[in-house]
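Only one structure is covered here, and it is reproduced in the block below.
Here, residue 1 is the first one in the sequence, and each next residue gets the next number. Only this structure's heavy atoms are used, side chains among them; waters, hydrogens and symmetry mates stay out.
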Amino acid sequence: MAGSIRWGILGAGNIAKQFARGLAVLPEAELAAVGSRSADKAAAFAQEFGATRSHGSYEALAADPAVDVIYVATPHPMHHGDTLRCLRAGKAVLCEKPFAVNAAQAREMIAVAREQRLFLMEAMWTRFLPAVRQVATWLGEGRIGEPRMLTADFGFRAGFNPAGRLFDPQLAGGSLLDVGVYCVSLAFLVFGGRPDRTAALGSLGETGVDEQAGFLLGYPGGELAVLSSAVRTNTPQEARIDGTAGRIRIDAFWHATRATLEVGGQPPETVELPLEGNGYNYQAAAVMAALRAGQTECAVMPLDETLAIAETLDALRAQMGVRYPME
């Protein structure tokens, strides 16, 4: 693709606004259009963020010939249908995490993208942050030896609202899909593959979703990921990777700007890598690089890994006893 890559944003909520702010720092990204179920909301979004056009339906955005790639920013249960709508209209897609409610949906989304030979990626923006890329480099270089244990948490305390997206089963609420997915995705990055054993305990609230959860991932070589998530409990949101020769600490790992390498007998090595823009720009830049190269997947967040993560989330949710009405 020559010139600017033309983005459409499907949805006009808070995460869509964050993504639009990220796009604004990329000189070769053009926010061409936004689509919402409300024409007025779409028009207001377009005016605020400088989109060329606005559409009062998702179908109209998907059909817009002046859009190259669409960022799907709707609630969890809509990711499946909205992504398929865009793919079947011939558009490349970056779909917000969690990629889908369950692995069956994820499997269909991936199959359609591959049949259509179109780009598709889960928007796990953490993977693309400079500090996390530095951690991946340290791991690849064997700086801490063999990684043996990951400890990571992502919890915050939200006010209880049974109709809100964090608590409503109809919106696939709960901590695991909303923030626990960051921890599971980090485990896949650290250990380079899927676990062969899982265990989970969840504290289910009055709406039946997991308000906090603790989960273990075990790997064939004995490696362990000790993880937790919460939407009613504040936690440090830190990650630590312990290896045979040292460790890596990542502060606020899901939006990290700093990581520290500790190798026995040596002073700690800390990298400070402030975000350019708000951080959402890094994943968008990776999508654009893949599109320019004619690729249908991104090596940093490949589709087979996204599916394996979805399968792992399914297993953890089943062990907690959380099932959504749409399943």
Side-chain angles (χ1 to χ4, degrees), residues 22 25-26 28 94 97 99 119 121-154 179 181-195 217 219-227 236-293 295 297-306 308-309 312:
V25 306
L26 298 173
E28 295 186 345
L94 173 65
K97 63 82 201 160
F99 189 67
F119 180 90
M121 189 181 88
E122 180 181 15
M124 180 50 69
W125 69 299
T126 298
R127 283 281 179 105
F128 299 87
L129 301 179
V132 175
R133 299 319 308 152
Q134 180 61 65
V135 169
T137 297
W138 284 337
L139 291 170
E141 293 172 344
R143 297 289 297 276
I144 64 167
E146 178 190 352
R148 297 295 302 166
M149 183 172 289
L150 166 68
T151 307
D153 67 274
F154 190 166
V179 290
V181 62
Y182 285 96
C183 301
V184 174
S185 185
L186 181 62
F188 272 76
L189 173 66
V190 170
F191 296 121
R194 69 169 70 225
L217 310 182
Y219 294 83
E223 304 91 342
L224 285 175
V226 183
L227 312 172
Q237 302 178 4
E238 298 171 343
R240 190 185 75 233
I241 307 163
D242 296 307
T244 54
R247 68 174 48 90
I248 297 169
R249 300 180 186 272
I250 317 171
D251 299 328
F253 77 93
W254 63 278
H255 60 135
T257 60
R258 179 172 61 189
T260 300
L261 174 68
E262 301 175 3
V263 178
Q266 300 178 25
E269 177 184 341
T270 297
V271 294
E272 298 275 359
L273 296 167
L275 300 179
E276 296 178 7
N278 63 1
Y280 287 81
N281 42 295
Y282 296 105
Q283 63 179 349
V287 171
M288 294 194 297
L291 291 175
R292 292 190 191 284
Q295 298 168 348
E297 296 189 35
C298 177
V300 175
M301 193 70 246
L303 291 174
D304 285 347
E305 186 166 326
T306 285
I309 290 170
T312 302

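- Atoms CZ and CG, on Arg247 and Leu261 in that order, are 11.0 Å from each other to the nearest 0.5 Å.
- Crowding of Arg258 atom CZ: a count of heavy atoms from other residues, nucleotides or ligands under 6.0 Å not exceeding 12.
- Of all the heavy atoms in Gly193 and Tyr219, the pair that sits closest is O-CE2, 3.3 Å.
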side-chain contact (heavy atoms from CB on, under 4.5 Å) between Thr312 and Phe188: does it pass, once the steps are laid out? CA-CA 10 Å; Thr312 302; Phe188 272 76; 3.6 Å; yes
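- In this structure the side chain of Met121 never reaches within 4.5 angstrom of the side chain of Phe99, judged on heavy atoms.
- For the pair Leu189 and Thr126, the minimum side-chain heavy-atom distance is 4.5 Å or more.
- Looking at heavy atoms from C-beta onward, Tyr280 lies out of side-chain contact with Phe128 at the 4.5 angstrom threshold.
- In this structure, the side chain of Thr257 does not engage the main chain of Leu275 through any donor-acceptor pair within 3.5 Å.
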Take Met124 and Val181 through the side-chain contact (heavy atoms from CB on, under 4.5 Å) test and state the conclusion after the steps. CA-CA 9 Å; Met124 180 50 69; Val181 62; 4.0 Å; yes
For side-chain contact (heavy atoms from CB on, under 4.5 Å), just list the numbers for Leu150 and Leu227, CA-CA rounded to whole Å, side-chain angles, deciding distance to a tenth of an Å, and then say yes or no. CA-CA 8 Å; Leu150 166 68; Leu227 312 172; 4.0 Å; yes
Test side-chain contact (heavy atoms from CB on, under 4.5 Å) on Trp254 and Val179; report intermediate values, then the result. CA-CA 9 Å; Trp254 63 278; Val179 290; over 6 Å; no
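- The structure places CD1 of Ile309 at 10.0 Å from CZ of Arg194, a figure rounded to the nearest 0.5 Å.
- Residues forming a salt bridge (charged side-chain N to carboxylate O under 4.0 Å, His left out) with Arg143 (at least two apart in sequence, or on another chain): Glu141, Glu269.
- Distance CG/Leu139 to CD1/Ile241: 5.0 Å, rounded to 0.5 Å.
- Val135 and Ala259 make their closest contact through CG2-CB, 3.7 Å (heavy atoms, listed as atom of the first residue, atom of the second, distance).
- Between Thr244 and Gly145 the shortest heavy-atom distance is OG1-CA, 3.4 Å.
- Residues Ala123 and Lys97 come closest through the heavy atom pair O-CG, 3.9 Å.
- Minimum heavy-atom separation, Phe191 to Glu223: CE2-CB, 3.5 Å.
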Would you list the atom pairs, donor with acceptor, under 3.5 Å between side chains in residues 298-306 and any protein atom, with sequence neighbours excluded?
residue: Asp304; atom: OD1; partner: Arg114; partner atom: NH1; Å: 3.3
residue: Asp304; atom: OD1; partner: Arg114; partner atom: NH2; Å: 3.0
residue: Glu305; atom: OE2; partner: Arg127; partner atom: NH1; Å: 3.0
residue: Glu305; atom: OE2; partner: Arg127; partner atom: NH2; Å: 2.3
residue: Thr306; atom: OG1; partner: Glu122; partner atom: OE1; Å: 3.0

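- Distance check, rounded to the nearest 0.5 Å: CG of Leu94 to CE of Met288 gives 11.0 Å.
- Without hydrogens or angle criteria, Asn281 side chain to Leu26 main chain gives no donor-acceptor distance under 3.5 Å.
- More than 12 heavy-atom neighbours from other residues, nucleotides or ligands sit within 6.0 angstrom of CD on Glu146.
- In this structure Arg240 satisfies the salt bridge (charged side-chain N to carboxylate O under 4.0 Å, His left out) test together with Asp242, sequence neighbours excluded.
- Heavy atoms only, all atoms of each residue included: Leu217 and Pro195 are closest at CB-CB, 3.9 Å.
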